[in-house]
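Written below as structure tokens is the structure these notes are about.
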Amino acid sequence: MKAIIIVMLAVEAAAFLVAAGSALFARSAGRRRPIWISLSISMLIVASAGNSIAERHIGRPGADVVQAGALVLIGMAIMTILMALRERRGLA
């Protein structure tokens with residue numbers, strides 16, 4: 001496995017853990033500014049980088065895992081955008 005694929009897997013795992021931790025342990029009343037939009041932007045950036053790395057290394061070990069992780073991060077970015085909309089409208 002190439003080093004860039006290993007590093008991208010680690011970055012995707014870190015972004016996944018940050019998003020999951022923020023969704024599970026978020027305290028919206030204690031914060032002055034919601035973090036959901038910045039979290040979704042960072043996940044979209046990591047997902048697009050992972051997807052482009054996976055496309056350049058098609059057939060190599062780990063490339064399909066990087067691409068699957070990128071798709072999961074895109075889904076989680078959509079989730080955080082929806083959570084931001086829910087907070088903005090006062091439904092939380």
Side-chain angles (χ1 to χ4, degrees):
M1 215 183 295
K2 291 189 84 167
I4 192 158
I5 293 176
I6 294 172
V7 170
M8 197 63 221
L9 282 172
V11 170
E12 284 180 351
F16 175 78
L17 290 175
V18 166
S22 296
L24 291 176
F25 303 114
R27 293 178 297 170
S28 61
R31 291 193 175 119
R32 291 186 359 213
R33 298 174 71 195
I35 60 165
W36 300 118
I37 296 298
S38 61
L39 191 60
S40 66
I41 291 170
S42 66
M43 283 192 293
L44 285 174
I45 291 171
V46 170
S48 65
N51 197 22
S52 67
I53 288 172
E55 284 180 356
R56 290 187 185 135
H57 295 83
I58 292 176
R60 295 198 184 247
D64 53 348
V65 178
V66 171
Q67 192 164 23
L71 294 175
V72 168
L73 285 177
I74 289 172
M76 291 183 78
I78 292 170
M79 176 200 67
T80 56
I81 290 170
L82 292 174
M83 290 180 101
L85 288 173
R86 187 183 80 173
E87 264 187 19
R88 176 86 73 168
R89 290 187 168 213
L91 300 174

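We count residues from 1, following the sequence as given.
Hydrophobic clustering places L17 together with M83 (ILVMFWY residues linked when any side-chain heavy atoms are closer than 4.5 Å, directly or through intermediates). Residues F16 and I53 share a single hydrophobic cluster, defined by chaining ILVMFWY side chains whose heavy atoms lie under 4.5 Å apart. Cluster membership for W36 and I81, using ILVMFWY side-chain heavy atoms within less than 4.5 angstrom, is not shared.
Residue A84 comes nearest to I37 through the heavy atom pair CB-CD1, 3.6 Å, listed as atom of the first residue, atom of the second, then distance. Between V66 and A54, the shortest heavy-atom contact is CG1-CB, 4.2 Å.
Remark: I45 engages I41 in a side chain to side chain contact (heavy atoms under 4.5 Å, CB included) (not counting sequence neighbours). Applying the side chain to side chain contact (heavy atoms under 4.5 Å, CB included) test to V65 and every residue at least two apart in sequence or in another chain returns L9.
Sorted by first and then second residue, the side-chain hydrogen bond (donor to acceptor under 3.5 Å, both in side chains) pairs involving residues 60-78 (not counting sequence neighbours) are N51-Q67. Note on residues 8-21: no pairs pass side-chain hydrogen bond (donor to acceptor under 3.5 Å, both in side chains), not counting sequence neighbours.
For CD1 of I4, the number of neighbouring non-hydrogen atoms (other residues, nucleotides, ligands) closer than 6.0 Å is 12 at most.
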Pair up each side-chain donor or acceptor in residues 69-79 with any protein partner under 3.5 Å, not counting sequence neighbours, and list the distances.
none

